[in-house]
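Some notes on the structure that comes next.
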Amino acid sequence: MGLRRRAGRHRSRAVSAAGLAFLLAATCATTATAAAPAEAPPTATRQPPPQPPPQLKEAQVDNAVAKLDGIVRDGMRKTGVPGVAVAVVHKDRVVYLKGFGERQVGKPGAVEPDTVFQLASLSKPLASTVVADAVGDKAVTWDEPVTEHLPGFALKDRWVTEHVTVADLFSHRSGLPDHAGDLLEDLGYDRDYILGHLRLEPLTPFRASYAYTNYGVTAAAEAVADAKDTTWEKLAEDSLYGPAGMNSTSSRFADYEKAANRAVTHVETGDGTWAAKYVRDADAQSPAGGVSSTAEDMARWVRLQLANGKLDGKQIIPAAPLERTHLPEIVSQPPATPTGRTGFYGLGWNVSYDDQGRLRLSHSGAFALGANTNVTLLPSEQLGIVVLTNGMPVGLADSIAFNFFDTAQYGKPTADWLSLIGKVYEQEEAELRSPTDYAEPPPDPAPARPEGAYLGTYRNDYYGPLRVTAAGGALTLQLGPDRMRFRLTHYDGDTFSFRTVGENAVGLSGVTFSGDLDGKATRVRVESLDRNGLGTFTRG
């Protein structure tokens, strides 16, 4: 059942950034305020730590800008990523705006400053900018409960449901598990279904634990749109994209898809080449990952961010609620050692402070199906960079930003960022894969039961029904609202495997049947769907 909305409403989602936040925190000093206490949300009266005066000389920034062409081209050569667009803003001027490479491998069309890219999770700081405008209009506050505007929204704990706020969800401290709801999206469920089933997810301590959740952000954004009596997509257009002159930016996949000058997503193939194999429609989680934009448009947004909501002499977003998005709200990366660095998350931003005490804001976006982006800002220096790419995350977008700021500060990169960040993405991907290699069955596998023992429908309150059918001597799973089909391959005894698909695909996953009632299995556990203990289906 979908969320219950107020009358008059129209109804219309990434790879985790935690590893990159850790790398960033490792380069920055810990001078920020502590995470909010569990008893109450933070108040809007908190003040950011005072910022030091600018330390970068104009010549240092000019040197870093002059070396950007080489940084980008070197990274593209090493990774093979087909296309990149970069914008740099300094002191309210766009000092660098360039495109490199191809919009689609093997087809005519070069990347230009106005080429449209999918932003993935770089959508989150854009979303918090939109909410800051609504807060300035007094339609909502950061610290009011989400159920004030989405009365059908619920989490597993009633008290948390009643108290979870827009800020809690935008800072990933609601207690929802990491990437809660994303697997439902891979199966084809829409936004309403996914938000309506977050109530079944297990919770960790409220406001005392951090876990990155696209659909937590999406729920908060929906509540804000409800308060404004519109859809999220139109709210973003009316309050930010239109007023800021971001004319090629949209929160609708259809607008990206119809753009003539768009960069399509690419993945690396087994032979080291890149191919446009997948289409990534992220409408279900649009506030958290569904924005598309250009380097040119994003430069306007960076100018707005660095000027406290002002652009071309006009106050587009109120300064005070926008500044709140830049404050630490929760510890996202505790220090690994007593002298280590701490990473924080704000409202749609990774928040840290460097060795000079300067605030650093950043966010990455990553679609395993073919996109990687980065924005990094040093507000005290009035300096920011946006990097958009049309390739799966291999570290290029983030390393360009790291190399640029290192070059501005020190004259050259301080580390091999491309290699380091690429390994972070590889590690995160490997951690999600099954410890069992289903491509290599045991040397003497136990036989399966007769196929009739497995056939039938199995129920699950979270994922919906799972149907097992047989055709051509093979078992097939059917999952999701459109009955996506997955061919099962026998592994050992009652265990089979299938190949996962979608943004959160993890290669081969196990499917294990159990129980016996009149010769039929009574349960089936799908390994890849069981990260939070919700992956067991019961016959009936």
Side-chain angles (χ1 to χ4, degrees), residues 13-16 18-19 176-189 193-194 197-198 200-202 211-215 267 277-278 280 282 284-285 289 366-370 392-393 425-442 448 454 457-469 474-515 521 523-539:
R13 65 191 147 86
V15 175
S16 170
L176 281 168
D178 184 71
H179 284 76
D182 286 10
L183 295 175
L184 290 173
E185 183 184 355
D186 281 351
L187 293 177
Y189 287 106
Y193 181 96
I194 297 168
H197 285 72
L198 293 180
L200 299 175
E201 293 274 9
Y212 191 84
T213 56
N214 291 309
Y215 282 97
V267 294
K277 292 181 64 176
Y278 305 107
R280 178 71 171 94
Q285 57 157 272
F367 283 160
L369 297 184
M392 62 183 280
Y425 282 118
E426 289 176 2
Q427 179 181 347
E428 289 191 341
E429 182 182 1
E431 287 174 352
L432 295 174
R433 293 184 176 272
S434 172
T436 302
D437 184 0
Y438 291 102
E440 295 291 337
Y454 307 118
T457 299
Y458 301 77
R459 306 293 178 183
N460 182 293
D461 290 342
Y462 185 76
Y463 291 107
L466 177 154
R467 298 172 178 88
V468 182
T469 61
L475 295 176
T476 300
L477 288 185
Q478 295 179 14
L479 284 164
D482 299 322
R483 298 192 178 187
M484 296 174 66
R485 300 173 67 89
F486 304 93
R487 181 186 175 95
L488 294 181
T489 300
H490 184 249
Y491 177 73
D492 184 25
D494 281 336
T495 298
F496 298 76
S497 70
F498 74 102
R499 185 161 296 280
T500 55
V501 298
E503 176 62 27
N504 299 280
V506 290
L508 293 176
S509 173
V511 176
T512 301
F513 295 87
S514 61
R523 293 180 302 280
V524 56
R525 174 184 175 266
V526 182
E527 181 182 20
S528 61
L529 302 182
D530 202 35
R531 295 178 196 169
N532 301 325
L534 299 172
T536 296
F537 298 72
T538 302
R539 185 186 291 276

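The shown structure was predicted, so the numbers you read here are calculated from the model rather than taken from an experiment. Residues take their numbers from the sequence shown, with the count starting at 1.
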Side-chain touch [X]/[Y], heavy atoms, less than 4.5 angstrom:
{"X": "S528", "Y": "V526", "value": "yes"}
{"X": "L488", "Y": "L477", "value": "yes"}
{"X": "N460", "Y": "L466", "value": "no"}
{"X": "T469", "Y": "Q478", "value": "yes"}
{"X": "Y215", "Y": "L198", "value": "yes"}
{"X": "F486", "Y": "V501", "value": "yes"}
{"X": "M392", "Y": "L369", "value": "no"}
{"X": "S509", "Y": "Y438", "value": "no"}

> Above 12 or not: heavy atoms from other molecules or residues under 6.0 Å from CZ of R483?
Replying inline: no
>> Does atom CG (D437) have a neighbourhood of more than 12 heavy atoms from anything else shown, all under 6.0 Å?
In response: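 Check passes, neighbour count above 12.
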Could you pull out the closest heavy-atom pair between [X] and [Y], with the gap in Å?
{"X": "R433", "Y": "G507", "answer": "NH1-CA, 3.5 Å"}
{"X": "G535", "Y": "Y463", "answer": "CA-CE1, 4.1 Å"}
{"X": "D186", "Y": "M484", "answer": "O-SD, 3.6 Å"}
{"X": "Y193", "Y": "D461", "answer": "OH-O, 4.0 Å"}
{"X": "P481", "Y": "G188", "answer": "CG-O, 3.4 Å"}
{"X": "E201", "Y": "P177", "answer": "OE1-CG, 3.3 Å"}

>> Just to verify, what does A505 make a side chain to side chain contact (heavy atoms under 4.5 Å, CB included) with, not counting sequence neighbours?
In response: T500
> Who are the side chain to side chain contact (heavy atoms under 4.5 Å, CB included) partners of L432, not counting sequence neighbours?
Replying inline: V506, R531
Test your reading of the model: is there a side-chain donor-acceptor pair from [X] to the backbone of [Y], 3.5 Å cut-off?
{"X": "S434", "Y": "T436", "value": "yes"}
{"X": "H490", "Y": "G493", "value": "yes"}
{"X": "R539", "Y": "A521", "value": "yes"}

>> We want to know whether Y454 and D494 form a side-chain donor-acceptor pair, criterion being a heavy-atom distance below 3.5 angstrom.
In response: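 Side-chain D/A pair, Y454 to D494: present.
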> Do E503 and Y278 get their side chains close enough for a donor-acceptor pair, meaning under 3.5 Å?
Replying inline: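 Checked: E503/Y278 side chains show no N/O donor-acceptor pair below 3.5 Å.
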>> For a side-chain contact (heavy atoms from CB on, under 4.5 Å) check, start with the C-alpha distance between N214 and H179, then their side-chain angles and the critical distance, and finish with the verdict.
In response: CA-CA 6 Å; N214 291 309; H179 284 76; 3.7 Å; yes
> Checking side-chain contact (heavy atoms from CB on, under 4.5 Å) for the pair L479/L529: CA distance, chi angles, key distance, verdict?
Replying inline: CA-CA 11 Å; L479 284 164; L529 302 182; 4.2 Å; yes
Interatomic distance, [X] atom [atom1] to [Y] atom [atom2] [nearest 0.5 angstrom]:
{"X": "R499", "Y": "L508", "atom1": "CZ", "atom2": "CG", "answer": "4.0 Å"}
{"X": "I194", "Y": "Y189", "atom1": "CD1", "atom2": "OH", "answer": "10.0 Å"}
{"X": "N504", "Y": "E429", "atom1": "CG", "atom2": "CD", "answer": "11.0 Å"}
{"X": "R525", "Y": "D530", "atom1": "CZ", "atom2": "CG", "answer": "4.0 Å"}

>> Apply side-chain contact (heavy atoms from CB on, under 4.5 Å) to residues D178 and T213 and explain how you reach the verdict.
In response: CA-CA 6 Å; D178 184 71; T213 56; 6.0 Å; no
>> Let's go through S497 and T489 carefully: what are the C-alpha distance in whole Å and the side-chain angles of both, what is the deciding distance for side-chain hydrogen bond (donor to acceptor under 3.5 Å, both in side chains) to 0.1 Å, and is it a yes or a no?
In response: CA-CA 5 Å; S497 70; T489 300; 4.7 Å; no
>> side-chain contact (heavy atoms from CB on, under 4.5 Å) for F537 and F513? Distances and angles first, verdict last.
In response: CA-CA 9 Å; F537 298 72; F513 295 87; over 6 Å; no
